[in-house]
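What follows is a single structure, written as structure tokens, with notes after it.
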Amino acid sequence: MSPAISLQSEKKMRDSQSENQYQKGVRHLHENGIKKVPNKYIFPIPDRPNMRKESHIQETNIKLPVIDFAELQGPNRSQVLKSLTNACERYGFFQVVNHGIPTDSISSMTDVCKRFFELPFEERHKYMSTDMKAPVRYGTSFNQNKDGNYCWRDFLKLVCHPVPDVFSLWPSSPEDLRDQAAAYSTQTRNLFLMLMRAILESLGLWNAEMNIAEQNEVLQEFQEGSQMMVANCYPPCPEPELTLGMPPHSDYGFLTLLLQDEVKGLQIQFEEKWLTVDPIPNAFVVNIGNHLEIFSNGKYRSVLHRVLVNQEKTRVIVASLHSLPFERVIQPSPKLINKNNPRRYKDTDFATFLEYVSSCEPKKKAFLESRKLD
Ligand code: OGA
Ligand code: NI
């Protein structure tokens, strides 16, 4: 075959799917035995993962700081708080071990999400929605209405709070999904609240000497806060070096609690490099969202991360995203602002964020940048 003809046939293979096919997501492409990544998924060269080159370098893994949750509750609390501060300032990420959420709950949650993605397309399709505010939303890529490039990811998003309001809206199949999601979301919510209390303490905004009324006031709005769970499914990709599971982004809320798969894929930006997270089994990978960066007036960083895909194995992760109630305005804590440390961010709220992501492609840290005061 002449090079011209082979290029032509390759082009045909990459273009052969109709737009309509892409709307069905990447599991569908994988199930149909796709051999080439369609053009729609090919990222511009500078945005590609550069895998071949990076795989020659040994040190691309990053060991995230480890926070021992049990120790945080004991006599070493102040030391653990120091590690927590360091993690939030330097990495924007940390891992939590000894968190008290049973391994069974964790594996059941991951397992039921895996089974959801294995359902026939027609069943999953019932939950497909373009409404960003829908309490249940199944979809593909990042924002499938707006994305120029699609990414190699299917997802299920569940609004989780308050559980009784949303329970009956969650998928009825697999049969145990609602019960597992209810139990898991309650457990992660409690963990989030305990972590948030430690973070507030590390910022000097909460302490055990405050009276109960003061303590409650600080924590109350987090207790009423919003929670969303997202299960991401990254099926095997025939040419992982051409695309991404998720493009570089930072998460919108206060904290995201991520349950990683044994298959690696998450990368974070650290000292201008992309490094792969090597998670401890059953630990939570926690990351700081835009709202905490704003609330801390820039002391704690919401760091860019992205997801690589691979040729061999499906990867399923579950993320739990936490913030204040949806209608609440997020602003730098007045107690962290003074003459030497002036306010660095504008007010923001969830509606502004939704408007932003619905109207344009989420480009890196664009949203957070748009909230910065000059
Ligand atoms: C996210 C995210 C990481 C992963 O859902 O925001 O960053 O490993 N997920 O899928
Ligand atoms: Ni993220």
Side-chain angles (χ1 to χ4, degrees), residues 25-27 49 60-62 64 91-96 106 109-110 113-114 116-117 132 137-144 147 150-160 184-185 188 192 226-237 240 243-270 274-293 300-310 313-323 353-354 357 361-368:
V26 282
R27 254 204 80 82
T60 50
N61 280 359
I62 183 165
L64 293 176
Y91 297 82
F93 269 82
F94 54 89
Q95 303 189 79
V96 181
I106 289 179
M109 186 61 201
T110 312
C113 291
K114 283 189 176 149
F116 174 84
F117 291 112
M132 304 284 275
R137 196 155 77 88
Y138 173 68
T140 190
S141 190
F142 216 87
N143 177 355
Q144 74 201 80
D147 295 348
Y150 267 23
C151 51
W152 202 266
R153 163 205 188 220
D154 292 342
F155 64 84
L156 175 67
K157 274 191 191 169
L158 304 176
V159 169
C160 293
Y184 181 78
S185 68
T188 45
F192 161 73
S226 63
Q227 180 178 9
M228 218 156 63
M229 285 203 295
V230 186
N232 290 332
C233 173
Y234 308 98
C237 171
T243 189
L244 287 169
M246 266 185 136
H249 69 280
S250 56
D251 296 359
Y252 89 97
F254 269 77
L255 293 181
T256 303
L257 275 51
L258 276 169
L259 214 52
Q260 290 287 295
D261 197 302
E262 65 226 15
V263 186
K264 285 189 266 182
L266 175 63
Q267 289 196 317
I268 75 166
Q269 202 168 53
F270 184 72
W274 286 109
L275 302 178
T276 303
V277 171
D278 190 7
I280 300 171
N282 298 313
F284 282 92
V285 171
V286 178
N287 94 74
I288 298 198
N290 295 172
H291 290 171
L292 181 50
E293 177 168 324
Y300 290 172
R301 296 196 309 131
S302 184
V303 164
L304 282 180
H305 50 285
R306 67 179 190 183
V307 177
L308 307 187
V309 287
N310 75 82
K313 286 190 176 152
T314 296
R315 182 169 172 266
V316 173
I317 71 100
V318 183
S320 183
L321 289 83
H322 302 261
S323 186
F353 173 75
L354 278 186
V357 289
E361 269 190 76
K363 272 271 170 336
K364 302 193 171 167
K365 275 190 153 175
F367 178 70
L368 193 54

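When a ligand or atom number is given, it counts from 1 through the structure's own listing order. Just so it is clear, the model here is predicted, and its values are computed rather than measured.
- Of the possible polar contacts, none joining the Ser250 side chain to the Val303 backbone as a donor-acceptor pair under 3.5 Å is found.
- In plain terms, the two heavy atoms of Asp251 and Ser302 that are nearest each other are O-OG, 3.9 Å.
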Could you check ligand 1 for N or O atoms lying under 3.5 Å from protein N or O atoms and list the pairs with distances?
| from | atom 1 | to | atom 2 | distance (Å) |
| --- | --- | --- | --- | --- |
| ligand 1 | 5 (O) | Asn232 | ND2 | 3.1 |
| ligand 1 | 6 (O) | His249 | NE2 | 3.1 |
| ligand 1 | 6 (O) | Asp251 | OD1 | 3.2 |
| ligand 1 | 7 (O) | His249 | NE2 | 3.1 |
| ligand 1 | 7 (O) | His305 | NE2 | 3.0 |
| ligand 1 | 8 (O) | Gln260 | NE2 | 3.4 |
| ligand 1 | 8 (O) | Arg315 | NH1 | 3.4 |
| ligand 1 | 8 (O) | Arg315 | NH2 | 2.8 |
| ligand 1 | 10 (O) | Asn232 | ND2 | 3.4 |
| ligand 1 | 10 (O) | Tyr234 | OH | 2.5 |

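- Under the ring-ring contact (aromatic ring centres under 6.0 Å, His included) criterion, Tyr252 pairs with His291, Phe350, Phe353, sequence neighbours left out.
- With a 4.5 Å cut-off on side-chain heavy atoms, Met246 and Asn232 count as touching.
- Between Phe116 and Tyr138, the distance separating the two ring centers is shorter than 6.0 angstrom.
- Within the protein, the number of N, O or S atoms lying under 2.8 Å from the Ni ion (ligand 2) is 3.
- Using a 4.5 Å heavy-atom threshold, the side chains of Asp261 and Lys313 count as separate.
- A cation-pi contact links Arg153 to Phe142, judged by a cut-off of 6.0 Å to the six-membered ring centre and 45° from its axis.
- A search for side chain to side chain contact (heavy atoms under 4.5 Å, CB included) contacts involving Gln269 returns Trp274, Leu304, not counting sequence neighbours.
- Two residues are said to be in side-chain contact when any heavy atoms from C-beta on lie closer than 4.5 Å; Ser320 and Gln227 meet this criterion.
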